[in-house]
Asks: 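This is the structure I have questions about; it appears just below.
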Amino acid sequence: PHYKGHHALFFVNKRDQEGCEHDDSKKAGKIAKVYKPHDLTGDNAVVGKGGIFDKINEKIDIGKTILKGEKSFATMDIDAKYHTEKFVTKKKSMTQEEAKKYFFRAGMLKVITDAMAVIDLHCDNIMPIEQGPIIIDAEINFFHYGENSSLVGGNAPALSTDEIGYNRANASFDIEEDPALQTFTPSGQAFSNNIFSCKDKYNEGYNFMLNQLKSRKEEFSNLFYDQLNALCKDSKIRILPLPTQDFAGFLDRVINQGHEESKVVNELKDTITTNLTSENAKFLNSKKIKVELNDQHLKEALLTTFKNGTIPAMYADMDGNLYLDDEIVGKIVSKIDNGELKVNDQLSEQQMVNIMKDCFLSYIENSVTL
């Protein structure tokens with residue numbers, strides 16, 4: 001549970017789907033849209049129609065790859081104004097050939113998401129569909145701070161995780177082992193052990209996309225720059241100074257384990273501060289900026305979330321304000337040449353966009369093929 005217990009809703013079009021009230025609508029494929037209460041402008045800039053994936057699909061020639069002219073990246077219809085996304089249907093099983101294409105696309109996806117700082121792509125935020133892996137939650141993006149996309153590595157990586165607890169992971173699907181015998185291999189197992197050459201195809205896709213970015217870095221960085229400029233001035237983009245499950249762990253210590261609330265809050269406040277403001281924080285991977293946090297505002301905002309029993313969620317806007325839920329708890333400021341902070345010199349929206357573009361270019365220049 002995040003901010004005030006808000007959560008996603010599935011909308012069913014009952015006019016066109018008679019009898020759906022008696023069905024398991026998710027399995028029946030009757031859901032028309034998903035409502036998400038958080039800001040979707042960042043998601044839209046990444047996976048929406050007209051977003052950066054959509055633009056890249058038009059620019060990359062993949063005719064000589066395993067995709068043979070199919071689109072590189074899966075996209076979806078997003079209406080940021082009304083907080084809705086088109087419901088996408090999971091592809092639960094694939095042939096070996098389809099799986100190879102899937103992992104080739106996943107390698108491409110890894111490169112571009114790392115370049116754009118689209119992170120937190122764990123096994124519940126990626127779904128296999130007919131067009132390949134689609135990001136069903138891309139709200140954590142653009143603000144580089146030393147993380148990778150979590151497609152591989154990290155907690156519950158999307159490409160190698162088949163189960164979470166006793167549940168099948170969203171990102172996992174079955175690959176036909178022997179169609180005649182109807183035997184299957186879970187995709188996470190196939191990727192981890194390079195069964196059906198899944199890992200090899202991932203590497204091929206990764207290297208292909210990285211070479212595309214390196215050979216056309218100005219073109220793609222300008223495309224990224226245009227998408228950033230198109231973001232609404234009031235857009236709030238979620239940031240992760242520590243993983244969501246770690247935030248949840250602090251909350252659990254108070255709610256279920258009986259730890260003293262004030263001590264846990266102070267520990268969490270200090271952890272957030274260290275992860276965002278220390279010399280090793282690498283927020284936006286830039287020596288031109290630094291994060292300033294208001295210690296009292298951060299503590300009060302954390303106490304509110306603990307009293308509400310919700311997991312703290314932090315955000316940044318394009319003017320450099322940092323939020324915990326709706327409370328401003330800090331800001332991103334610029335530095336002068338000798339490293340001292342300018343007084344109240346908060347970053348402008350244009351400065352923020354320029355720094356994000358620099359981060360994008362820096363990633364491309366410093367990355368190497370697998």
Side-chain angles (χ1 to χ4, degrees), residues 1-11 33-48 78-85 117-122 124-125 135-143 145 147 150 155-156 170 231-256 261-262 264-273 275-276 283 291 293-332:
H2 285 293
Y3 174 64
K4 296 184 179 178
H6 292 179
H7 56 85
L9 298 173
F10 296 105
F11 287 168
K33 294 182 180 181
V34 181
Y35 169 84
K36 294 183 177 180
H38 66 256
D39 191 327
L40 291 180
T41 52
D43 301 63
N44 196 34
V46 178
V47 298
I78 297 176
D79 189 328
K81 180 179 180 181
Y82 292 105
H83 296 268
T84 59
E85 298 177 350
V118 182
I119 66 170
D120 202 36
L121 302 183
H122 53 72
D124 279 339
N125 284 344
I135 304 174
I136 57 175
D137 192 344
E139 68 168 323
I140 303 174
N141 47 52
F142 308 151
F143 284 89
Y145 36 91
E147 296 284 349
S150 302
N155 296 311
N170 275 344
L231 288 175
C232 173
K233 183 178 177 62
D234 296 325
S235 297
K236 287 170 63 179
I237 296 171
R238 193 168 165 217
I239 62 172
L240 275 185
L242 63 160
T244 298
Q245 69 176 36
D246 291 353
F247 271 123
F250 279 96
L251 179 66
D252 182 69
R253 285 164 58 185
V254 174
I255 299 297
N256 296 317
E261 183 180 68
S262 60
V264 176
V265 165
N266 280 327
E267 183 183 340
L268 177 53
K269 174 180 65 66
D270 291 343
T271 301
I272 292 171
T273 301
N275 290 351
L276 286 179
F283 192 81
V291 172
L293 292 173
N294 184 305
D295 197 72
Q296 187 60 32
H297 287 178
L298 178 58
K299 182 176 180 179
E300 291 173 357
L302 286 170
L303 280 169
T304 298
T305 64
F306 275 52
K307 292 183 187 303
N308 290 336
T310 55
I311 299 170
M314 296 192 69
Y315 302 87
D317 65 24
M318 297 302 286
D319 284 328
N321 295 303
L322 299 178
Y323 302 80
L324 197 151
D325 289 343
D326 286 334
E327 180 74 22
I328 293 179
V329 296
K331 58 185 179 180
I332 306 169

Asks: Taking atom CG of Asn294 and atom CG of Leu324, what is their separation to the nearest 0.5 Å?
Replies: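 If I round to the nearest 0.5 Å, the distance is 12.5 Å.
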Asks: To the nearest 0.5 Å, what is the distance between CD1 on Ile140 and CD1 on Ile119?
Replies: 5.5 Å
Asks: Using only atom types and a distance under 3.5 Å, with no angle test, would you say the side chain of Asp317 pairs donor to acceptor with the backbone of Asn321?
Replies: yes
Asks: Provide the closest heavy-atom pair for His83 versus His38 in the form atom of the first, atom of the second, distance.
Replies: ND1-O, 2.9 Å
Asks: Do Leu268 and Leu251 pass the side-chain contact (heavy atoms from CB on, under 4.5 Å) test, and can you show the C-alpha distance, the side-chain angles, and the key distance before you say yes or no?
Replies: CA-CA 10 Å; Leu268 177 53; Leu251 179 66; over 6 Å; no
Asks: I need the Asp295 CG to Asp270 CG distance, nearest 0.5 Å.
Replies: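 Reported value, rounded in 0.5 Å steps: 7.5 Å.
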Asks: How far does CG of Asn155 sit from CG of Asp246, to the nearest 0.5 angstrom?
Replies: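 Output value for this atom pair is 7.0 Å.
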Asks: To the closest 0.5 Å, what do you measure between CG (Leu298) and CG (Leu303)?
Replies: 9.5 Å
Asks: Please name the residue in the list Asp319, Asp39, Asp326 that meets the salt bridge (Lys or Arg N to Asp or Glu O under 4.0 Å) test with Lys236.
Replies: Asp326
Asks: Counting neighbours of NZ on Lys36 that are heavy atoms of other residues, nucleotides or ligands and sit closer than 6.0 Å, is the number greater than 12?
Replies: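 Counting other residues, nucleotides and ligands, NZ of Lys36 exceeds 12 neighbours.
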Asks: Is Asn170 reaching over with its side chain to a backbone N or O of Asp124, donor-acceptor style, under 3.5 angstrom?
Replies: yes
Asks: Could you walk me through whether Val265 and Lys299 pass the side-chain contact (heavy atoms from CB on, under 4.5 Å) test, one step at a time?
Replies: CA-CA 7 Å; Val265 165; Lys299 182 176 180 179; 4.0 Å; yes
Asks: Compare every heavy atom of Ile237 with every heavy atom of Glu139, then report the nearest pair and how far apart it is.
Replies: O-CG2, 3.6 Å
Asks: Check whether any side-chain heavy atom of His122 lies under 4.5 Å from a side-chain heavy atom of Gln245, and answer yes or no.
Replies: no
Asks: How many angstroms lie between atom CD1 of Ile255 and atom CZ of Phe250, to the nearest 0.5 angstrom?
Replies: 14.5 Å
Asks: Testing the basics here: between His2 and Thr310, what is the closest heavy-atom pair and its distance to 0.1 Å?
Replies: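 Here His2 and Thr310 meet closest at O-CG2, 3.1 Å.
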Asks: Side chains of Pro241 and Phe247: closer than 4.5 Å at any heavy-atom pair?
Replies: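 SC-SC contact between Pro241 and Phe247 confirmed.
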Asks: Is a donor on one side and an acceptor on the other found under 3.5 Å between the side chain of Asn44 and the backbone of Leu40?
Replies: no
Asks: Do Asp325 side-chain atoms and Ala301 backbone N/O form a donor-acceptor pair below 3.5 Å?
Replies: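 Pair absent, no side-chain N/O of Asp325 close to backbone of Ala301.
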Asks: So which heavy atom on Met314 is nearest to which on Leu276, and how close?
Replies: CE-CD1, 4.1 Å
Asks: Which pair of heavy atoms, one from Pro312 and one from Thr305, lies closest together, and at what distance?
Replies: CG-OG1, 3.6 Å
Asks: Could you walk me through whether Leu242 and Thr271 pass the side-chain contact (heavy atoms from CB on, under 4.5 Å) check?
Replies: CA-CA 8 Å; Leu242 63 160; Thr271 301; 4.2 Å; yes
Asks: What residue among Phe10, Phe11, Tyr82 forms side-chain contact (heavy atoms from CB on, under 4.5 Å) with Lys33?
Replies: Phe11
Asks: Taking C-beta and beyond as the side chain, do Ile272 and Leu302 meet within less than 4.5 Å on heavy atoms?
Replies: yes
Asks: What are the two closest non-hydrogen atoms of Asp137 and Leu121, and how far apart are they?
Replies: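 Heavy atoms only, the tightest pair is O-CD2, 4.0 Å.
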Asks: Run Phe142 and Val46 through side-chain contact (heavy atoms from CB on, under 4.5 Å) and show every step you take.
Replies: CA-CA 10 Å; Phe142 308 151; Val46 178; 3.8 Å; yes
